Amino acid sequence: MKVVVFGGSGFLGSFIADELSHRGHHVVIFDRMESLWLRSDQSMIVGDILDEKKVYQAVEGADVVYNFAGLADLDEALSKPLDSVRYNVLGNTIVLEACRLANIQQYIFSSSMYVYSRSGGFYRCSKQACELYIENYHQTYGLNYTILRYGTLYGPRSNDKNAIYRYIKQAMIEHKITYKGSPSAIREYIHVEDAARSSVDIMQPEFYNQHMIITGTQQIPVSQLFSIIEEIIGERLQIEFMEGGLGHYEVTPYSFIPKMGKKFSPSLYVDLGQGLLRIIEEFYQQINFEVK
């Protein structure tokens, strides 16, 4: 099948593109910059999700479309409310319209665990609006969709927008970790490769028009995460918990709003400790170029 991945140059999108190619699909990546991990059997379109003509051309002839484009960082959305509307809400609707015109089989959208929470700020608002548009496109035009809400992702190919990458970077360079929030804050971590496999597994009719929660089984307090990082690095770090974390949840993203999603957890998954070790090794090689 022809599968278009909007935002396919990014952290999660690039792994999903790889998994799709591994399973034999013809993959087209659409992003604002060329993917650093583009494979020889993948096609690349460099463009903006707000460019309607280019989006329509990319989707033409596609069977399935993934949308991972837009503003994905909660803190960035708090400081850029207009961009969160432009790229998340308007951009999503442009892709939806292209999918309707191309009569695709399934539209797969990257939402968030924050979407029916009281936390999350403008990021939450934009994802809620996107989900409503997607549901109404199905009701009005019969466009099949699957909405994916992810737990806390980590793994290779990440950058400063990823929380665990930031913690490891600060630990290895400054020998400390600064966290805005409570040490008892709990997160459900899922390795990006596990999330990618699960995201491709749901490319089936049985998952049409459903909301799926893709997360792991590794739910731990952030204080314990920092202890694991300390043990792997092999040194005592200065851990500083600060007040703040505006828009972030502490124990659960859920609040009582009647909109349910089904949880989808991989049967096999990357152990958190091993996953962290890979990121630490990768980052160590980045700051020590002579290491092979």
Side-chain angles (χ1 to χ4, degrees), residues 1-21 24-73 76-77 80-112 122-123 125-148 161 196 199-200 202-203 208-209:
M1 291 195 293
K2 177 183 176 181
V3 184
V4 182
V5 183
F6 286 91
S9 295
F11 175 41
L12 176 57
S14 65
F15 277 102
I16 287 177
D18 285 352
E19 184 66 21
L20 287 164
S21 296
H25 299 291
H26 169 50
V27 176
V28 177
I29 295 172
F30 186 109
D31 212 316
R32 295 175 70 180
M33 61 181 67
E34 187 164 334
S35 175
L36 296 173
W37 305 282
L38 186 68
R39 294 168 40 138
S40 59
D41 56 352
Q42 295 172 343
S43 303
M44 183 77 219
I45 299 174
V46 177
D48 194 300
I49 198 173
L50 300 179
D51 185 337
E52 295 182 39
K53 184 177 180 181
K54 210 162 192 177
V55 169
Y56 291 175
Q57 290 173 345
V59 171
E60 187 176 358
D63 299 290
V64 177
V65 170
Y66 284 80
N67 185 7
F68 292 88
L71 216 63
D73 183 72
E76 187 178 5
K80 299 178 180 179
L82 290 179
D83 280 348
S84 70
V85 174
R86 290 189 189 101
Y87 287 98
N88 290 2
V89 183
L90 178 57
N92 171 63
T93 310
I94 289 172
V95 178
L96 275 172
E97 183 65 6
C99 292
R100 178 184 76 85
L101 295 174
N103 196 30
I104 68 157
Q105 296 176 19
Q106 186 182 17
Y107 179 66
I108 301 173
F109 178 72
S110 172
S111 189
S112 169
F122 297 124
Y123 176 73
C125 296
S126 68
K127 291 298 185 179
Q128 283 180 338
C130 287
E131 290 200 10
L132 289 171
Y133 268 95
I134 292 167
E135 290 161 1
N136 275 275
Y137 258 80
H138 169 66
Q139 293 168 7
T140 306
Y141 303 116
L143 177 63
N144 291 317
Y145 68 85
T146 306
I147 290 172
L148 306 180
K161 291 184 178 180
S199 301
V200 176
I202 59 85
M203 202 172 65
Y208 284 0
N209 312 316

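Computation of the quantities below employed the complete heavy-atom set of this structure, encompassing side-chain atoms and omitting hydrogens, waters and symmetry-equivalent molecules. It should be emphasised that the depicted structure is a prediction, and the values quoted were computed from it without experimental measurement.
- The CG atom of Leu82 sits 9.0 Å away from atom CZ of Phe122, with the distance rounded to the nearest 0.5 Å.
- Minimum heavy-atom separation, Val65 to Val95: CG1-CG1, 4.0 Å.
- For the pair Asn144 (side chain) and Gln106 (backbone), a donor-acceptor distance under 3.5 Å is absent.
- Atom-to-atom distance recorded for Ser14:OG and Arg39:CZ is 11.5 Å, nearest 0.5 angstrom.
- Asn67 is listed as a side-chain neighbour of Ile49, based on a closest heavy-atom distance under 4.5 Å.
- Closest approach of Leu20 and Val3 over heavy atoms only: CD1-CG1, 3.6 Å.
- Within the 3.5 Å criterion, the main-chain N or O of Gly47 finds no donor-acceptor partner in the side chain of Asp51.
- In this structure, Phe6 has its ring center closer than 6.0 angstrom to the ring center of Phe30.
- Distance CG/Asn88 to NZ/Lys127: 5.0 Å, rounded to 0.5 Å.
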Where do Thr146 and Phe109 land on the side chain to side chain contact (heavy atoms under 4.5 Å, CB included) test, with the steps shown first?
CA-CA 6 Å; Thr146 306; Phe109 178 72; over 6 Å; no

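- Pairing each heavy atom of Tyr123 with each of Ser111, the nearest pair is OH-O, 4.2 Å.
- For Lys80, the side-chain contact (heavy atoms from CB on, under 4.5 Å) partners two or more places apart in sequence, or in a different chain, are Leu71, Glu76, Asp83.
- Tyr66 contributes no side-chain N or O that, together with a main-chain N or O of Ser110, makes up a donor-acceptor pair within less than 3.5 Å.
- Note that CG of Leu143 is 12.0 Å distant from CD of Glu135, once rounded to the nearest 0.5 Å.
- Side chains of Ile108 and Ser199 form no contact here, defined as non-hydrogen atoms less than 4.5 Å apart.
- Closest heavy-atom contact between Ser21 and Val27: OG-CG2, 3.3 Å.
- Put simply, the side chain of Asp63 gets close to the backbone of Lys2: a donor and an acceptor are under 3.5 Å apart.
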Show your working on side chain to side chain contact (heavy atoms under 4.5 Å, CB included) between Val28 and Ile45 and close with a plain yes or no.
CA-CA 7 Å; Val28 177; Ile45 299 174; 3.7 Å; yes

Between Glu97 and Glu52, does the side chain to side chain contact (heavy atoms under 4.5 Å, CB included) criterion hold? Intermediate values first, please.
CA-CA 9 Å; Glu97 183 65 6; Glu52 295 182 39; over 6 Å; no

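- Shortest non-hydrogen contact noted between Ala62 and Val4 is CB-CG2, 3.8 Å.
- Between the side chains of Tyr107 and Asn92, at least one donor-acceptor pair of N or O atoms lies under 3.5 Å.
- Although no hydrogens or angles enter the test, the distance criterion places a donor-acceptor pair under 3.5 Å between the side chain of Gln42 and the main chain of Ala17.
- Remark: side-chain polar atoms of Lys54 are paired, donor with acceptor, to backbone N or O of Val46 under 3.5 angstrom.
- Note that CD of Glu60 is 12.5 Å distant from SG of Cys99, once rounded to the nearest 0.5 Å.
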Between Leu148 and Ile202, does the side chain to side chain contact (heavy atoms under 4.5 Å, CB included) criterion hold? Intermediate values first, please.
CA-CA 9 Å; Leu148 306 180; Ile202 59 85; 4.0 Å; yes

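- Taking Ser9 as the reference, Ile29, Asp31, Ser35, Met44 meet the side-chain contact (heavy atoms from CB on, under 4.5 Å) condition, with sequence neighbours excluded.
- If you take OH on Tyr133 and CG on Leu96, they are separated by 10.0 Å, rounding to the nearest 0.5 Å.
- The shortest side-chain heavy-atom distance between Tyr208 and His138 does not fall under the 4.5 Å cut-off.
- Side-chain atoms of His26 never come within 3.5 Å of backbone atoms of Met1 as a donor-acceptor pair (strictly under, hydrogens ignored).
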